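See structure below.
None of these values were measured; they are calculated from a predicted model.
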Amino acid sequence: MRNRDYAAAGYVAAAIACASIMARVIDPHFGFWGDNAESFAPLWHHVGTQLRQGVWTPMDPHLWLGGNVIAEAAYGIVNPASLVTFVLLSFFTDLSTGIWFVCTIYLALLGVATYALSRTYGATPAWALPFAVALPLGGFTFFYGASNWASGLFAITWVAWFWVAAARYARGKAGPFLAVITGGLAVTVGNPYGQLGVVIVLLALAVQLVIDRQLRRLGGMVVVGLCVGAITALAYLPLLATLSQTVRQSGPLFSNSGYLAPDALNLLASSAPTYLPPMAAWYSEHDLVPSVYFAWFVLPVVPWISWRRAAATRRSMTAPLVVTAIMLFFTLGPSEIWLFRWPVRFVEYLYLAIAVLLARALSLGPAQERRGLRALISGAAVGAGLASSWVVTPQNAATHAAVTVGILVLGTIAIVAWYRGALKAMALTLVIGSVAYVPVQAGLYSWNRQVLGVTADHGATSSLSDATAATSSYQGTVLQLGALHHLDLDGDALERGELMFGHSPTALGLDFVGRYTGIGFPDFMKLLCMDYRGSTHCDLQPALTAPLEDSPYEASLIDVLGVDTLVFSTASYPPAQV
C-alpha cells in the first residue's frame, strides 16, 4: 500500500466511525441487543477483567452453567486479538457502551480490509474506498453483527484480512506468514462461519493458482491451509471432547424451514436502504431489520460498467468469482446445512466478494456507448427498490420516497463526476450517501424493532454500577428462579438489575447458578428446569427442600448446590407464594 492508500484507509475508518456514532445517537442501545447483551459483552468483560489481573481461566467451575468457557468455543478465548478486545472492554463500566465501542473498531477494521482487498485485485482508490465504507454499513453486518452477533462481525473481519494476506501470497507479493496469522485469527473467534470463509477463500485461490499454473505456490497455499487447520484445533477440540455429555447435537445434514432464508428477489432490492426482506424472521412474517441491504449505489451503477473491458480481466478475477458463486449458493440454499443455519448469515460474505468484483470492474472506466439506455436501466433499478420497499412497509411511503429521491440525486452527481474524471468528487458522493442513510435506517429499523420472544431479548441492564447496587444483598452462591417469558409482567426488575439472565451476573463477579450456554449439561439443566439462559420453566420451589431421590446423601437440592441466596422473579412467583 502506498501513502495515498494509508490516507484512504484512515478516511474509511473515520467514515464508518461517524456512521456508528450516528446510529448510537439514534438508538442509545445500539450494539447491546440479544446475544451481545446476554452473552458476549458480560462474559468478555469478565474475561478481560481477569486478564488484567494476570489470570486466564478457560474453565471456571464458579460460573456453573456455562463455566466450561473454552469448550463453548463461541467466545474466542484462545484468539489473541479477541483477548486484547476483552481487556479493552473491561475498562467500561457500561456494557452497552463497551460492546458498541469494540464493535465499531471491528467495523472499521473490516472496512480497511475491504479497501485493501479491492486494491489487491486492481481496483483504483476512487472505487475501493466507497465499497470499503459501504460493506461494513450493510444491513446484516451493521444491524445483526455489530448489534447482536459480535462474534460474527469478528469472523468476517478476519476472513477479509486473511483473504488480503492469502491473495498477496498467491500473487507473490508477500510471504505466507501473514496468511497463517490472519487465518488463525479467523478460525479462533468462535464463529463457524469464519472457518467456512477461510476454506472457501483457500479453495478459490487454489483454483486461481491452478488456472495460472502456479503449482509451486499452490503447494505453499496447501501448507498455509494445513497450518490454519491446526490452529483451528485449539478452539474446537475442547468442544468436540464434550459433545457426548452436552446438549449440543447435530441435526440433519440438510433441511429447509425457510427461516431467515433470503431469495433472489430479496437480493435484487439490496440497494434500497429502507427495504425489509419478506422472509420468516423471529416472531414476524418479515425481517424488521434491513438485513439484505448492501449499498445504495450498487445496483444503480452496475449498468454503467464497461462489460467488454471487465470481461478481459476475468482470468485475474477467478478467485473472487469462485467465492461469489459459492457464497451465492449458500445464501440462496436451504435454511440448514450441517452446522450452518439461517442463510442470511452468508450474505455479508457474498457482498464482500461482489464488492471486490465491482470495484475492479468500475475501476476500468465507464461505458461510453448507449448512455440513454444505461440511464434508463439505472433509474429502473432505483424504481424497483422503491416499489419493493413500499410493498413490504407501505406505512413508510414518505420515507421510501425521500430515500429514493436522495439516491437519484446522489447517483446522478456521482455518475456525472465519474464521466468528467472528477474521481474524488465521485467517491465522496458515494461515501456521503452510505453514511447518511445509516441514521435513517437506525431510526426506522434498529434491532429494538424486532419482534422477539421476551423482554430480556431487548437488552439486559448495561450499567454495572446500577446492577451492583441492585444485587448488593446477594451473597455466596445465588439461585434465581423465574421464567423469561413471564418478564413482560415484571420487566422493571430486569432493567434495575435485580433479575439477571445469561452471563449478566458474570460481569459483576456474582456466583449465579444460571448462565448462558450453548453446550449445557442436560442432566443438570433438567434437574433445575433451566434453559440455556438460566431461565427456569417449572415450579422448582417444592423440589429445592425435598430430599433428593436416588442420592446417598440425606440432603435437599438446595443443600447439595450450596445455595446461599434464593432470588425469585415476582412475575413467576407472586410474593404470596414465596
Side-chain angles (χ1 to χ4, degrees), residues 31-32 35-106 109 150-151 154 158 184-185 188-191 231 234-235 237-239 242 460-480 497 500-519 534 561-565:
F32 195 67
D35 286 354
N36 275 9
E38 299 167 10
S39 179
F40 295 124
L43 182 66
W44 288 346
H45 187 282
H46 170 73
V47 173
T49 301
Q50 285 193 316
L51 288 172
R52 288 167 57 191
Q53 299 170 353
V55 177
W56 178 75
T57 308
M59 181 174 181
D60 187 352
H62 290 94
L63 297 186
W64 289 87
L65 189 70
N68 195 352
V69 181
I70 193 168
E72 294 279 349
Y75 297 108
I77 67 167
V78 298
N79 184 297
S82 293
L83 294 178
V84 172
T85 301
F86 304 161
V87 171
L88 180 61
L89 177 60
S90 70
F91 285 98
F92 289 85
T93 57
D94 185 87
L95 294 177
S96 177
T97 304
I99 193 66
W100 165 77
F101 184 78
V102 298
C103 283
T104 299
I105 292 175
Y106 272 86
L109 286 172
S151 67
F154 293 7
W158 291 121
L185 293 174
T188 56
V189 295
N191 188 287
I231 295 172
L234 293 174
L237 278 181
L239 171 62
T242 64
T461 180
S462 63
S463 172
L464 297 182
S465 58
D466 290 349
T468 298
T471 58
S472 59
S473 61
Y474 299 178
Q475 298 178 4
T477 299
V478 180
L479 177 61
Q480 177 178 285
M500 287 182 285
F501 294 88
H503 270 301
S504 295
T506 309
L508 300 179
L510 293 175
D511 193 3
F512 262 57
V513 175
R515 306 281 175 160
Y516 191 106
T517 180
I519 59 165
L561 293 175
V563 173
D564 300 295
T565 302

Can you tell me if [X] uses its side chain to pair, donor with acceptor, with the backbone of [Y] under 3.5 Å?
{"X": "Asn79", "Y": "Leu185", "result": "yes"}
{"X": "Glu72", "Y": "Thr517", "result": "no"}
{"X": "Asp564", "Y": "Thr477", "result": "yes"}
{"X": "Thr565", "Y": "Gln475", "result": "yes"}
{"X": "His503", "Y": "Tyr516", "result": "yes"}
{"X": "Ser463", "Y": "Asp466", "result": "yes"}

Result of checking His45, Arg52, Gln50 against Ser90 for side-chain hydrogen bond (donor to acceptor under 3.5 Å, both in side chains) |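 Considering His45, Arg52, Gln50, a side-chain hydrogen bond (donor to acceptor under 3.5 Å, both in side chains) with Ser90 is found only for Arg52.
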So, for [X] and [Y], which heavy atoms are closest and what is the spacing to 0.1 Å?
{"X": "Pro42", "Y": "Asn36", "value": "CD-O, 3.8 Å"}
{"X": "Leu95", "Y": "Ala507", "value": "CD1-CB, 4.2 Å"}
{"X": "Ser82", "Y": "Val189", "value": "OG-CG1, 4.3 Å"}
{"X": "Phe512", "Y": "Gln480", "value": "CE2-OE1, 3.5 Å"}
{"X": "Ala235", "Y": "Ala73", "value": "O-CB, 3.7 Å"}
{"X": "Ala467", "Y": "Leu508", "value": "CB-CD1, 3.6 Å"}

Side-chain contact test, heavy atoms from C-beta onward, threshold under 4.5 Å: evaluate it for [X] versus [Y] and give yes or no.
{"X": "Asn68", "Y": "Thr242", "result": "yes"}
{"X": "Pro58", "Y": "Ile77", "result": "yes"}
{"X": "Ile105", "Y": "Thr85", "result": "no"}
{"X": "Phe92", "Y": "Val102", "result": "no"}

When rounded to the nearest 0.5 angstrom, what distance separates [atom1] in [X] from [atom2] in [Y]?
{"X": "Phe40", "Y": "Phe154", "atom1": "CZ", "atom2": "CZ", "value": "8.5 Å"}
{"X": "Ile99", "Y": "Asp94", "atom1": "CD1", "atom2": "CG", "value": "11.5 Å"}
{"X": "Ile70", "Y": "Thr57", "atom1": "CD1", "atom2": "OG1", "value": "11.0 Å"}
{"X": "His62", "Y": "Leu510", "atom1": "NE2", "atom2": "CG", "value": "13.0 Å"}
{"X": "Trp100", "Y": "Leu89", "atom1": "CH2", "atom2": "CG", "value": "13.0 Å"}
{"X": "Thr506", "Y": "Leu63", "atom1": "OG1", "atom2": "CG", "value": "5.5 Å"}

- Task: State whether a side-chain donor-acceptor pair under 3.5 Å links Asp511 with Trp64.
- Result: yes
Go through Tyr75 and Ser39 one step at a time and tell me if the side chain to side chain donor-acceptor pair (under 3.5 Å) criterion holds. CA-CA 9 Å; Tyr75 297 108; Ser39 179; 2.7 Å; yes
Measure the acute angle between the ring planes of Phe86 and Trp44, then classify it against the limits of 30° and 60° as parallel, tilted or perpendicular.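 The arrangement is parallel - the two ring planes meet at less than 30°.
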Inset, instruction - Please work out which of the three classes, parallel, tilted or perpendicular, describes the rings of Trp158 and Tyr106, given edges at 30° and 60°. - result: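 Perpendicular.
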